[in-house]
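Encoded as structure tokens, the structure appears first; notes follow it.
In this text, all values refer to a predicted model and were calculated from it rather than measured experimentally. Below, chain A is the first sequence line, B the second, and so on; all start at residue 1.
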Amino acid sequence: MSLLIDAWTVLAVFSGVFFFLAGTVGLLRFPDALTRLHALTKADNLGLGLIVFGLLPQAVDVWMALKLIVIWLLVLIAGAVVSQRVARVARAQESGQ
Amino acid sequence: MADLLLWAAVIVLALTAAGLLRLLRGPGAADRIMAGQLFGTGGAAVLLLLGAGGAYAAIDVALTLALLSAFVSLTFAVYAGRAGTRQALGRGEE
Amino acid sequence: MTSITLFGLCAAVLIGLGVYGLIVNPQPLRKILAFNLIGSGVFLFFGMIARRGAASGLGGDPVPQALVITGIVVAFSATALAVALLLRLDAAGGPSGLDDAVDGES
Amino acid sequence: MTTSGGPLLVAALLLPLAAMLAAFVLGRAQAPRVVACALPVGLLLALAILADLLCSGEALVYLLGAWQPPLGIALRADGLSAAMLLTTTVVLGVVAWFAWGDFAQPANAPEARQPLMFWVLLPAVWLALNTVFLANDLFTLYVALELLTFAAVPLVCLEGRPETLRAALRYLLFALLGSVLYLLGAVLLYGVYGTLDIAQLSTRVHPGVATWAAAVLMTVGLLAKTALFPLHLWLPPAHAGAPAAASAMLSALVVKGSFFLVIRLWLDVLPGEMMLEAGQWLAGLGAAAILVGNLVALRQRRLKLLIAYSTVAQIGYLFLMFPLAAGLVGMGLSDAPAVTGGLLQAVSHATAKAAMFMAAGLIYSTLGHDRIEDLQGVAQQLPMTVLAFALGGVALVGLPPSGGFMAKWLLLSAALTTGQWWWAAVMVIGGLMTASYVFSVVVRTIVAVDPEKMPKMAVPRYREASVLALAIFSFLLGCVALLPFEVVQVGRLGSVLP
Amino acid sequence: MMAGLVLDGLLALLVLAVAAWTIGVCQTFAATVGFTVYGLLLAVVWMRLAAPDAALTEAAIGALTGVLLLRAAIQLAPSEAGLNRLRPALKLRLLAGTLAFAITATLAAVVFHLPEPAPTLVPQVTAQQASTGLGNAVTAVLLAFRAIDTLLEAVVLIFALVAVWSLAPDAAWGGIPGAQIKGGSGDVRAYLSRLLPPVGIVIAFYIFWVGADFPGGKFQAGTLLAAMGLLATMAGLIQPPPVASRGLRWALVLGTLVFLALGLAGMPLAGAFLAYPEGWAKPLILLIEAASMLSIGVTLGLLVIGYPAGQAEQ
């Protein structure tokens, strides 16, 4: 049983790590701010989300599990605001050029 | 197990560090803020991995971090619309 | 080299960097930033000393850890005061907030 | 162990704290009244502490929360602390008396900013200084230093003019750098000796790489806050731009707080052999401060700037005590004359300089300017003020029977005893320079002019009286100091004595 | 343990890289963004140094400092534009570099000269901790063994706020602190500022509550409260009370007053100022912490908001 849980954790966490990789590569390689923004949100939402999913079975009590989920939600919220705002800044930047 | 999670933390940190290049290069404020955001997410992920690896207090730190990075982002959102902001953000490096 | 030594050296470099920035950067806000770097370097140094004192189940000596918390809060209040002073100077029409080029009075 | 007089130390901290909080919360016309009630009580407390010291012959100690150091924190008052506590209360009392009318809340109007802030900041300075004098723990002292900074900086720019704001910002940056360096040194000492308690450190500290690094960092940090040459550049604009009552506090007391910690550090914490090496350096900077400060003061055109530069010079004298004390100990003698001389210089300068700044403030408010070349006729209009200025100047020069004379005489004789004649020479030259600028100002003021041409801005008599009282106190300090001459030696930790 | 060493090495490198960039970059705004990132990294470093309480404080205070600096960078941008182009003289840079190098080299030497075994107060702390009833050693140090530091620190915060307020223009005195911000209430950010504070307040109380036995406590919780209050203020949902308000001033000194009162009560009841009667330590400490949390929250928030500027400031 515990082996199965550990396997799930490792699988999910490393998939999450993969999305961080995708996000970073996108942030570095994509040509303009808006597409880079697109890459970034992948890392935010999916990368952290998968890591949280992977760690959930490792939680020692229900509070820890709850905290993990709240953390993910908070990062999602922050991500949403930043995306909206950054998109606006980026557009202003591009139209100014 | 704990060791594996620690390695995962190393990789996430390394990846966010690579994202830091965007902070260095800019070219605009938008990119800088994105790099900062990536760092917030990555930092939270690293702390979670440390926490699940045995340092349970790290989860509370990650919680604080997540809440406050939302706060920093929102603050920036409020100020980004105000006068004087455009000069500060500039168009990137000269 | 252990992690503890590593962070100790890191703190030493941070303090040096901060001192450099404090002297060299002409903008007052950047000086405030540099002061914060020095402060965090000092706290990190203290954290390193606390970690060295780990014993009997505690990961570090709690006395320096507690002092670091106090120090961080004090450094924040100092930063807040300095920033407020700087903004006030700016609002009062001080010339660009240049604080080091006014030796003319003597 | 807590001594019988220990609770007095707690009271000496809580009284200004309570006064500050009450002044802040009650505000309006209540704030000055709170301060006016607290200061006399504080004077009694300081006297009680002094009396306890003289009777018991040993330091007062209070263990806070009954926890033993190094885990807990002790308050400790020796003769040095008691003398500084008393000086602080006396000077602050006179400053409050002087400022009473200056910083009154307007009647039937909303609370005004400047009066409120002044009456909150005065007990704030008091609390910070008392903590500096009484705390016996290096980290508590760091917090106390920050308290002092936060109380002193707004005093500089109370009037809100751009140039004072700039001076305040510069002062703040210097002070913050100073305290962070001090903290770094304290951190190093903890790393090596595992305690921050001064009494424990005094028995454990021995020379070594870390100890030297800590000593240098802490000293440089404290010197930046004390404005010893060459870290003095922030002081003149800051002290000269503040309102007179604030300048008096800043120049007389605030710089003494960090100086007091230099004494603590070198006399109590660090071993004597380190002071033997470092003393010459400290005194060298002091001598440079005396010469440069006086030289620049001579060239000043504005009275307040002149007084501020004279502070730079007078701070220099304070640092001459270190090689002299070390020299006396090296000869197997007691370092008492040098230490007492240094402390007396601090006390004498505190009273004299406060009186001079307040005198300059009165002159300014009468004439509307403080240009030295246009001071003619002031003595006709403000005879008491000019007398006070002159008496303060006499104390700075060091003529008998002023406290300055006593201080310089002790330091001079220590210099000659230990064969360090060059410090004696600096003192004599510095005295002559001081005499010449004090003299030139006083001579200008007593030139008579046509009474019709004098501006008729009236200065309340009580304000002149307050300044004169302080100046007389400073002038007669030499006689008073003859009586409980050894009090400052009571309860010394004695790491310097073999 | 290989992974741990690699992680620490990477962290140290990153911290130094971000710090160096913060010092060296041209734009002040970019430097402040870098500083915010730096604060995040430090929080992770503190975890690696087994100091979770410090990590929490760093994460919380770091965010407030970041906001303070970001906002100042934006406001000062027009007048600092000229300074950004100013290159310091080579002589100054050489001098500063030498000084910085000397300091770093000395400290590095000290790192290698620290005594083995390291001095520590852990034995004393664990011996005395039981009498406080607290599970968290750091809280025991802050509120029992070294309570005077914590009391004075609360006073430092009040002093700093007094100092900040004293900068107000005379005409604006008595008014509402900070420059007023028009909140677009239909905006997505206003929606979020409504959503976030309740969550944040719950988290703050959680951090406060666990502080007695686990990492956390009043500073961290107070900082979170301050951040949530700032959010609501910026969205125009609430308004800070005017500085002339007596109620506000009582709220600011409440924590210190409770601390003082209980400390004084210790004199007759427990034999010393700041001592707690046998068996009462934990409830009394929680009471002090609760009052302090509120005062600290209000003070920190107002420190970020700044002095009452009146209408003048845009």
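- The closest side-chain heavy-atom distance from C/L85 to D/P154 is not below 4.5 Å.
- Proximity to chain C (any heavy atom under 4.5 Å) is restricted, for D/L172, to the side chain, taken from C-beta onward.
- Only the side chain of C/F35 comes within less than 4.5 Å of a heavy atom of chain D; its backbone N, CA, C and O stay farther away.
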Residue pair C/V63, D/Y190: steps toward the side-chain contact (heavy atoms from CB on, under 4.5 Å) verdict: CA-CA 10 Å; C/V63 173; D/Y190 184 88; 3.9 Å; yes
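- Neither the backbone nor the side chain of D/L181 has a heavy atom closer than 4.5 Å to any heavy atom of chain C.
- Residues D/V180 and C/G39 approach most closely at CG2-CA, 3.8 Å, considering heavy atoms.
- C/L67 places none of its side-chain heavy atoms less than 4.5 Å from the side chain of D/Y142.
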D/F139 vs C/T70, side-chain contact (heavy atoms from CB on, under 4.5 Å): CA-CA, chis, key distance, verdict: CA-CA 10 Å; D/F139 190 82; C/T70 308; 3.9 Å; yes
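- Taking every heavy atom of both residues into account, D/P162 and C/A92 meet most closely at CG-O, 3.6 Å.
- The two atoms that bring D/L176 and C/A78 nearest to each other are CD2-CB, 3.5 Å, heavy atoms only.
- Atom CZ of D/R301 sits in a sparse spot, with 12 or fewer heavy atoms from other residues, nucleotides or ligands closer than 6.0 Å.
- The two residues D/R166 and C/L89 make their nearest non-hydrogen contact at N-CD1, 3.9 Å.
- The heavy-atom pair separating D/L183 from C/F43 by the smallest distance is CD2-CE2, 3.7 Å.
- In this structure, the side chains of C/F45 and D/L188 come closer than 4.5 Å at one or more pairs of heavy atoms.
- With chain D as partner, the option from C/S77, C/A50, C/A75, C/A34 having the largest number of non-hydrogen pairs under 4.5 angstrom is C/S77.
- Side-chain contact between D/L173 and C/I32 is present, with heavy atoms from C-beta onward closer than 4.5 Å.
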